[in-house]
Structures are given as structure tokens and as C-alpha cells.
Amino acid sequence: NNIEVAAAITDDNIPVQPEGNTQQLQEFDKVYIQLSNENNKLIAGDFDIGKPTGYFMNFYKKGQGGWYSNKSKVEITKGNVADVQSTVSGAVSRGKFARNVFNGIESNQGPYRLTGAENETFIVILSGSEKIYIDGRLMKRGQTNDYIIDYNTAEITFTPQRLITKDIRIVAEFQYSDKNYSRTLFYGGSEAVKGKSKAYINIYSEQDARNQPLQQDLSLDQKKLLSEIGDDLNGALSLNADSVAFNPNEILYLKKDSLVNGILYTNVYVWSVNPDSAFYRLGFSLVGAGKGNYIYNITSANGKVFQCVAPVNDIPQGNYEPVVLLITPKKRQMATAGYSYSDKNKTEFNIELAASKDDVNTFSKTDKGNDNGWAAVTSISKTIPLSKGKPVPWNLITSGRYEFTYRYFKQIEIFRAVEFSRDWNTLALADTSDEHNASAGIALRQGPLQNISYTLKTYVKPGAYNGLMHVVNTSNIYKTFTLRTDGSYLNTKGDLIKSVFYRHKEDLSKQWKYFKSGIRYEEEHNEIQSATSDSLALNSFVFRDAGIYIETPDTSRFKSTAGYNRRTDEVPTGQSFSSSTVSD
């Protein structure tokens, strides 16, 4: 009785990857059975799990296994009952997280090819797992919205509604199919709510089964190599040579010793068509200029032939090697625990602790000192009424926040704002030190009509970076006029760079009977210098963007907009900027 059964069942063995050209995506490759009642839910088969309650733990995963959720009431003390919701799941993970950051190409709507976390070029994106941002704003999938995506070829194309220029910043976060190892996923979480108090705990674990490789067969020698390299993943290079019988239709090599300029080089592979000696099938990898001993040689052979070149003064002269980069099995785990509270005096308090473990090579028992990390965040805010009895009262809001991440703390997926690194000018900094991120703010609000706020923020990486940011935001509505402004001023110092970055944006609009008209202005001025030089770095920039527009109201059945913008860009030349481009 009172058990509801829901199921999606198909006899197709080949998963279907939808084109992704609609906003609502029907996932034909999802097969599951769900049993549920008022307090319990059980799913067996394919399911999605996403970000739980909290700050640090952020993920979206597609799994195949079991998922269970339960709601109950637990008596904490006599007469005090809390609502508890618990979730546990175990599955084979179907995807791996990747993040691509790139700029648009002038007048090119796409397609833009995405790559994997290890720069894999041919990947299949898991349908519906992507998040596409333009200039920090989340886009909508669909032919009538912002973009469409081909999951099979990992290509994004933007619609005419979202015009792409060289100044557009694009961020793509997604899951893609990764079949190097069989990967398992476990998640468990529980949340208890009592009045205006909430406590929660989450545990996440994802690991590769090192003895179950899928796309690579590891020999005993290769496993021994992986056990010796520790965290040096670039050192997982194994000879890619196979002894085979002669075949005139293959590119085969003979192995010999070679004497060049009085120096003996052993085990040199040379292309050969001699049936008495051409017994080696090789696979070559591009290792970079000056890092290999082989070069691509154009011949009459029906295939690519590589030729060995002798080093000069012990410096390799080629860019290929007959090696393959082995993929190491990995493990990533995280646990978080938090508590939040709000009282009748409009005071809110939050705290969360997190611990992580990131093992990039589970074959090896060395280099484990940097696997474990931890982090913490706490915040408090208070709302103070300043007026009473008026239709829209005034409130004063004060807030404070502090976040700490240990140098070896590793996130599952990005948990901060999508353009956090750009906002703080830290794109060129490596994550090799502790991080302190604190802020204090004050705001004056009159409901949705009037709002002005000021926030002082600091972000510190001891010994490497020290940034201080002032942020001002206002929103004012007076009759039919609306004025919105955003501004910030950043000053940073560090061992490598120092910078001054200020920006502001204004939007003044008037609501008419059937339409809204307005003007916009935006400016960003970013001066980045070496810590030992006064010359501007090449990634410094200045731009100003001004425009006018007219549009139908948001409540209109049909949405239309017309506008004109002019953008001017400046580039660094020595210690100042000079005009670069003008865009209309």
C-alpha cells in the first residue's frame, strides 16, 4: 500500500546522446526504477546527484547504481524534535569534470570545440551536464535561447540572440565520458532542521579501480613504473613498442645501435621494409620541441614515418618519442559539516568545516604529504530596522565573512564565483599557498525601492599575493526611473605582480507605457605590472562601453529589444595605454 512506482525502461543497449538543441532535454539514455512513499524514495539504475547543502562541496554527477532518501523526525531532547533528511548513494560514475575558459572569436558564433581535463581533444559530453557562462552570466540551452551543443562532438554554437565578439569571455563547465578506469562513486549526507537552526554533514568519495583499466592494458612493468613516479604524472611515460611479425602493409621498424660523431646510441628504431628485420610496431607521442629524439619524416610510405635524429651537445633535436603517457588511477574525497542559525532579532550565523583528500596516483605510496587538506568558512549578518509604521521601512544590514583554505585543499568542482580569479587578478598564480578570504559590509535598504551597499574585501596568499577590494552597489527606483550602479576598486601586491583594477557600470532607465528606454555605461581599467618593473604587463587592459536601448517590458508576451553600443579598447604600451580598437 501507498508505494508509488515510477520507471523509465528501454531495451536499447547503445546510449543515445541528444543534440541538445532544446531547453528541456529528454534523456533517452536514462534507465531506472523508482519506489517512493511519503518519507522514503529508492532509485535503482541511472540517476543524477548534485550540490548538497553547504558551501565547499559542489558537484553534479551522473551515476548508475542505487540512491536512497529518507525523511524522519528525531527527538533530540525531551520535547525537542528535529526534521531529518538523509541521503545515501553508491554508483558507477559515468563522467569526469572539466572546465574550459576561452575568449570568443570576432563574428564567429561557433562551433567552439571543448577539451577534457587532461586536454583530450575527442570527448563525449554527458547530456545536460554543461554550464555555459558568458562574462560571468549563466546561459540557457536551446535554439530560441543562447546556445546549442552537440554532445557527441563536444561543440558549442551560440544563437543569434547571443552575439559573439573577441571581447566575450566564455567559461564552459561540464562532465564528459572518461573510460580509463572503472570509477565508483559514493555519497552520503544528512540534514537536521529544528526551527531556525540547521545542521548538516556530507561525505563524498570518487575513486578509480586501479586493477580495472578500460582503455589501457597495464603490464607488470608499467604498474611498477606508476608505483615509482609518485605524483609526477608527466613521468608516466612507457615505451610504446610491440614486437610483431613482418607485414608489408604496416609501418614497421627495426631496432639497432647507431654510432654518430663517435657516440654510440643503443636501441634506435629505424623505418624498414626488410622482412628479415622490420619486426617492431611503434606508437609515437608528441612530447614537445627539444624533448624528443624523433621527427616526422615525409616519405612515400602509406602512413606516418618517424626518423631518429642525434642530440647536439646532449640536447634532443626532435619532438616525438615512441612512448605512451599512462593514465594513473585517482581518488578524490571530501567531507563537510556545517551549522546555521537565525533568531527573531534577524541575526544569521553560518559555519562550515571541510576536509579533502586528493590522490592523483593510487598505485604509488610516495608523495602523499600533499594529499590531505582542509578549509573553513563562517559568516554573520544582522538586520536592524530603522523605521516603523511606513509602507516600506528602512533597514540597516551589517555582515562579516571569513574563509580559509589550506594549501592542499582540493575542490571537487568550482565552488567560488565563476570569475573569481579574474575579479582578483589571480589568473597567473598557482595554488601553492594557504588562502584567506574575508569581507565586511554594510547596506541600507528600503525594500525593492532603494538600496546602497559598501563591502570591503581582502584576499591573501601569504608570501605570494595580497589584495584589497572596495565594492559599492546601488539600486534606486523613483517613480518611473531606475538607476543601478556597480563599482569596485582592487589593489594587489605580490612577489610576482602588482596591480590596480577598477571598474564601474551604470544603467539609467525610464519606464513608459508600452516600453522601457535607457542608457548604459561600463568601464574597466586594469593595470598589471611586474613586482620589479614599472612597465605594464601584456595582459593589462582598458575598455569603455556605452550604449542606448529600448525594449518591451519583462511582462510582455513578446520580447523585443533594439540598441546601439560603442566600445573602445586600449592596450599597454610601456607605462601607459594606447587606443587599440573601436567597435560599434
Query raised in the report: Just by distance, with hydrogens left out, do Asn202 and Tyr187 show a side-chain donor and acceptor under 3.5 Å apart?
Result: yes
Report task. Could you tell me whether the side chains of Asn425 and Asn526 share a donor-acceptor contact shorter than 3.5 Å? Result -> yes
Requested in this report: State, without any angle test, whether Tyr200 and Glu352 hold a side-chain donor-acceptor pair at a distance under 3.5 Å.
Outcome: yes
Query raised in the report: If we ignore angles and hydrogens, is there a donor and acceptor under 3.5 Å between the side chains of Gln207 and Ser205?
Result: yes
Query raised in the report: Do Tyr151 and Glu130 have side-chain atoms, one donor and one acceptor, less than 3.5 Å apart?
Result: yes
Requested in this report: Tell me, yes or no, whether the heavy-atom count around Arg445 atom CZ, taken from other residues, nucleotides or ligands under 6.0 Å, exceeds 12.
Outcome: no
Requested in this report: Go through the side-chain N and O atoms of Ser439 and Thr455 and say whether any donor and acceptor fall under 3.5 Å apart.
Outcome: no
Query raised in the report: Is it the case that more than 12 heavy atoms not belonging to Lys493 sit under 6.0 Å from its NZ atom?
Result: no
Query - Ring geometry between Phe409 and Phe415 (parallel below 30°, tilted from 30 to 60°, perpendicular above 60°) - result: perpendicular
Report task. Find the distance between CZ (Arg183) and OG (Ser93) and round it off to the nearest 0.5 Å. Result -> 5.5 Å
Report task. Flag the pair Tyr341 / Phe349 as yes when their ring centroid distance falls below 6.0 Å, and as no otherwise. Result -> no
Query raised in the report: For Arg544, does its backbone N or O pair with a side-chain atom of Glu523 as donor and acceptor, under 3.5 Å?
Result: no
**Report entry** Under 3.5 Å: donor-acceptor pair, side chain of Asp146, backbone of Lys140
**Finding:** yes
Report task. Using a cut-off of 6.0 Å, state whether more than 12 heavy atoms not belonging to Lys479 lie near its atom NZ. Result -> no
Report summary line: Which of Tyr402, Phe404, Trp424 passes ring pair (Phe, Tyr, Trp, His ring centres under 6.0 Å) with Tyr459? It is Trp424
Report task. Count the heavy atoms belonging to other residues, nucleotides or ligands that lie under 6.0 Å from NZ of Lys131, then report whether that count exceeds 12. Result -> no
Query raised in the report: Side chain of Ser342, backbone of Thr347: donor and acceptor closer than 3.5 Å?
Result: no
Requested in this report: Assign the ring pair Phe59 / Tyr204 to parallel, tilted or perpendicular, where the plane angle (0 to 90°) is split at 30° and 60°.
Outcome: tilted
Report task. Report, as yes or no, whether the 6.0 Å neighbourhood of atom CZ on Arg503 holds more than 12 heavy atoms from other residues, nucleotides or ligands. Result -> yes
**Report entry** Cation-pi geometry met for Lys516 and Trp512 (6.0 Å, 45°)
**Finding:** no
Query raised in the report: When you look at Asp545 and Asn565, which way does the side chain to side chain donor-acceptor pair (under 3.5 Å) test go after all the steps?
Result: CA-CA 7 Å; Asp545 193 336; Asn565 276 62; 2.9 Å; yes
Query raised in the report: How about Thr485 and Thr474: does a side-chain donor come under 3.5 Å of a side-chain acceptor?
Result: yes
**Report entry** Six-ring centre of Phe158, Arg162 cation under 6.0 angstrom, axis tolerance 45°
**Finding:** no
Report task. Determine, for Tyr549 and Arg520, whether the Lys NZ or Arg CZ falls below 6.0 Å from the six-membered ring centre while staying within 45 degrees of the axis. Result -> yes
**Report entry** Tyr564 OH: over 12 foreign heavy atoms closer than 6.0 Å
**Finding:** yes
Query - Flag for Thr53-Glu191: side-chain donor and acceptor within less than 3.5 Å - result: yes
Report task. Please assess Thr328 against Lys330 for the test side chain to side chain donor-acceptor pair (under 3.5 Å), listing each intermediate value before the final yes or no. Result -> CA-CA 6 Å; Thr328 60; Lys330 300 172 178 62; 3.2 Å; yes
Query raised in the report: Yes or no on side chain to side chain donor-acceptor pair (under 3.5 Å) for Glu570 and Ser580, after CA distance, side-chain angles and deciding distance?
Result: CA-CA 5 Å; Glu570 298 180 6; Ser580 172; over 6 Å; no
Query - Side chain proximity check, Gln161 to Met139, heavy atoms < 4.5 angstrom - result: no
Query - Row check, Tyr60 ring normal vs Arg94 NZ/CZ: under 6.0 Å, within 45° - result: no
Query - Under 3.5 Å side-chain donor-acceptor pair for Asp534 and Gln575 - result: no
Query raised in the report: Does any donor atom in the side chain of Lys510 or Thr480 lie under 3.5 Å from an acceptor atom in the other side chain?
Result: yes
